[in-house]
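In what follows, a single structure is set out as structure tokens and then discussed.
Since we're looking at a predicted model, the values are computed, not measured. Lettering of chains follows the sequences in order, A, B, ..., and the numbering in each one begins at 1.
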Protein chains: 2
Amino acid sequence: MENVEKVTNCLQCKFQSNIFRFLSEEELSYVNDMRFEVSFKSGENIFKQGGPLTHIVCITSGMAKVFLEADDHSDIILRLMKPTELIGGPGFRTDNRHHFSAAAIVDTVACFIEVSVFEKLLNDNTRFALEMIAYLNRAHIGLYNKLLTNTHKHMSGRMAGTLLYLSEEVYESNVFETALSRQDLADMSSMTKESAIRVLKEFKDEGILNCYSSHFDIANKEALRKIYKIG
Amino acid sequence: MENVEKVTNCLQCKFQSNIFRFLSEEELSYVNDMRFEVSFKSGENIFKQGGPLTHIVCITSGMAKVFLEADDHSDIILRLMKPTELIGGPGFRTDNRHHFSAAAIVDTVACFIEVSVFEKLLNDNTRFALEMIAYLNRAHIGLYNKLLTNTHKHMSGRMAGTLLYLSEEVYESNVFETALSRQDLADMSSMTKESAIRVLKEFKDEGILNCYSSHFDIANKEALRKIYKIG
DNA sequence: TCTTTTGATTGATATATGTCATCGGAACAT
DNA sequence: ATGTTCCGATGACATATATCAATCAAAAGA
């Protein structure tokens with residue numbers, strides 16, 4: 001029972017619902033025996049796009065950004081990972097490589113589980129496999145949204161989307177301190193750092209947002225939502 | 001054995017490898033009994049974004065475009081579906097809705113299989129479920145590419161990507177006739193119809209491409225590849 | 001303390017891309 | 001034959017966004 005709590009604590013994937021809830025106690029205990037932890041300092045890579053996908057990673061404490069690296073060295077930040085969130089990757093069961101990079105944005109502890117452990121669980125437990133399919137499909141829906149937003153909305157709409165994401169899904173508050181730089185905010189919104197700063201200033205001037213350095217305070221969320229919706 | 005051929009013929013998913021190869025003969029025959037065909041005229045919707053996801057669809061003959069519909073009524077064409085390709089959708093095992101639309105671009109026959117049939121197969125056959133996960137992951141990799149291309153490349157790079165996709169993955173030839181309109185090409189490349197026409201003209205002027213109305217002939221594929229790569 | 005570096009900010013300017021209006025031709029219906 | 005509609009094509013123009021250069025402020029070393 002101790003094992004169960006320990007693992008569900010570590011592994012439960014809040015973001016996309018807990019895909020571990022269908023594991024038996026033995027299975028959870030098995031995962032727990034096989035996992036190990038690694039510490040990362042802020043800014044360090046947890047794994048690297050193009051590198052071998054040997055382990056599935058679960059954030060235990062801290063926060064990480066997951067991002068695509070383009071040929072021209074610009075990045076697209078796909079999402080932020082909080083404790084208990086799981087980072088798999090589409091290389092699983094395909095080419096066994098990472099298709100995005102992950103980096104700690106504050107000091108972070110992550111727990112590593114061998115890919116083979118996952119494969120065993122999926123083989124043994126059908127319900128778990130179905131849950132994994134659902135998990136992947138939810139990720140897919142998120143990507144469709146990102147594609148629509150980043151290709152069909154203007155800068156203010158994209159930045160509004162980023163701020164709403166941070167406030168609602170990451171920090172769960174209208175007021176938050178963030179370790180993200182302006183460049184990070186730009187990489188989340190598909191624009192240059194300068195444009196990000198200018199859009200934030202616009203929001204400030206319109207009284208929608210208060211922000212200085214790392215402090216953010218969304219003053220008018222409805223306005224932000226409208227900007228996001230209209231584009 | 002007849003059944004097997006019939007179904008693999010209908011169902012094999014060439015695009016993302018055949019996920020049906022791990023079904024037993026009984027399972028294939030079960031699928032075959034449960035499927036039924038529907039004909040669509042060119043331009044007709046096969047299913048609609050937002051609508052209920054009750055069946056998985058497999059193109060038997062003809063061709064269809066799969067596309068996201070934005071709030072402002074503009075579209076993003078995700079990919080084209082040829083015979084024997086499968087259209088599922090991320091609504092499967094999540095919200096049971098379609099997250100994209102599909103429409104025939106020529107007269108098309110599609111075969112429908114109830115979602116519950118799929119769920120039964122996934123439940124009974126672990127290997128099939130693992131293959132489904134691999135299939136989803138490959139689709140995921142494709143989306144990352146689309147995201148990188150459509151947000152970080154210029155128009156000529158995006159159109160080059162579209163032409164390479166058509167030539168290599170859809171028509172499998174440097175010369176092809178297509179039912180796609182200029183608007184469709186634009187929707188595949190995240191730009192306006194006018195811009196698409198202008199970029200095609202550029203390619204023409206540079207001797208990279210010959211095209212008039214629905215006829216396309218890629219004269220210099222290497223140049224196109226380079227344009228795609230550089231952006 | 002002083003220097004050095006890094007990140008945030010701003011302004012001027014260039015460029016890519018969208019918008020709008022127009023026109024011609026082909027397909028199609030009357 | 002004649003209008004009508006739709007699609008492709010083109011030019012003029014507007015505007016969104018990136019680029020470049022220059023400060024400024026704060027943090028980090030030395």
Calculate the interatomic distance between [X] atom [atom1] and [N] atom [atom2]; express it in whole Å.
| X | N | atom1 | atom2 | answer |
| --- | --- | --- | --- | --- |
| A/Leu180 | C/dA8 | CG | C1' | 15 Å |
| A/Lys193 | C/dT9 | NZ | P | 10 Å |
| A/Arg182 | C/dT6 | CZ | P | 19 Å |
| A/Gln183 | D/dA18 | CD | P | 11 Å |
| A/Asp184 | C/dT6 | CG | C1' | 14 Å |

Got a sec, which pairs hit ring-ring contact (aromatic ring centres under 6.0 Å, His included) with one end in residues 67-99 of chain B, sequence neighbours left out? B/Phe47-B/His98
Does anything in residues 178-214 of chain A form a ring-ring contact (aromatic ring centres under 6.0 Å, His included)? List the pairs, not counting sequence neighbours.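 Those involving residues 178-214 of chain A are A/Tyr212-A/His215.
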Just one of B/Ile87, B/Leu86, B/Ile105 clears the side chain to side chain contact (heavy atoms under 4.5 Å, CB included) bar with B/Met81, so which one? B/Ile87
Which heavy atom of A/Val57 sits nearest to which heavy atom of A/Ala110, and what is that distance? CG1-CB, 3.7 Å
Pair up each side-chain donor or acceptor in residues 178-186 of chain A with any protein partner under 3.5 Å, not counting sequence neighbours, and list the distances.
{"residue": "A/Thr178", "atom": "OG1", "partner": "A/Tyr171", "partner atom": "OH", "Å": "2.7"}
{"residue": "A/Thr178", "atom": "OG1", "partner": "A/Leu180", "partner atom": "N", "Å": "3.1"}
{"residue": "A/Ser181", "atom": "OG", "partner": "A/Gln183", "partner atom": "N", "Å": "3.3"}
{"residue": "A/Ser181", "atom": "OG", "partner": "A/Asp184", "partner atom": "N", "Å": "3.0"}
{"residue": "A/Ser181", "atom": "OG", "partner": "A/Asp184", "partner atom": "OD2", "Å": "3.3"}
{"residue": "A/Arg182", "atom": "NH1", "partner": "A/Ser213", "partner atom": "O", "Å": "2.9"}
{"residue": "A/Arg182", "atom": "NH2", "partner": "A/Ser213", "partner atom": "O", "Å": "3.0"}
{"residue": "A/Gln183", "atom": "NE2", "partner": "A/Asp187", "partner atom": "OD1", "Å": "3.1"}
{"residue": "A/Asp184", "atom": "OD1", "partner": "A/Lys65", "partner atom": "NZ", "Å": "2.9"}
{"residue": "A/Asp184", "atom": "OD2", "partner": "A/Ser181", "partner atom": "N", "Å": "3.1"}

So, using salt bridge (Lys or Arg N to Asp or Glu O under 4.0 Å) as the criterion, who are the partners of [X] when residues are at least two apart?
| X | answer |
| --- | --- |
| B/Arg97 | none |
| A/Asp75 | none |
| A/Arg198 | none |

Under the side chain to side chain contact (heavy atoms under 4.5 Å, CB included) rule, collect the residues that match up with B/Ser189, sequence neighbours excluded.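 Only B/Arg158, B/Met159, B/Thr162, B/Met191 meet the side chain to side chain contact (heavy atoms under 4.5 Å, CB included) criterion with B/Ser189.
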Nucleotide by nucleotide, nucleotides 10-20 of chain C touches protein heavy atoms under 4.0 Å in the pattern (B base, S sugar-phosphate only, - none) BBB----SSBB
Which pairs pass salt bridge (Lys or Arg N to Asp or Glu O under 4.0 Å) with one or both residues in residues 208-231 of chain B, sequence neighbours excluded?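 The answer is A/Asp71-B/Lys229, B/Glu168-B/Lys221, B/Glu168-B/Arg225, B/Glu222-B/Arg225.
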Inter- and intrachain pairs under side chain to side chain donor-acceptor pair (under 3.5 Å), touching residues 43-54 of chain B, at least two apart: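 The answer is B/Lys48-B/Glu69.
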Grab the N/O contacts between the protein and nucleotides 26-29 of chain C below 3.5 Å, and write none if there aren't any.
none

Using the C1' atoms of five pairs at each end, what's the angle between the two axes of the helix from C/dT1-D/dA30 to C/dT30-D/dA1, to 10 degrees? 30°
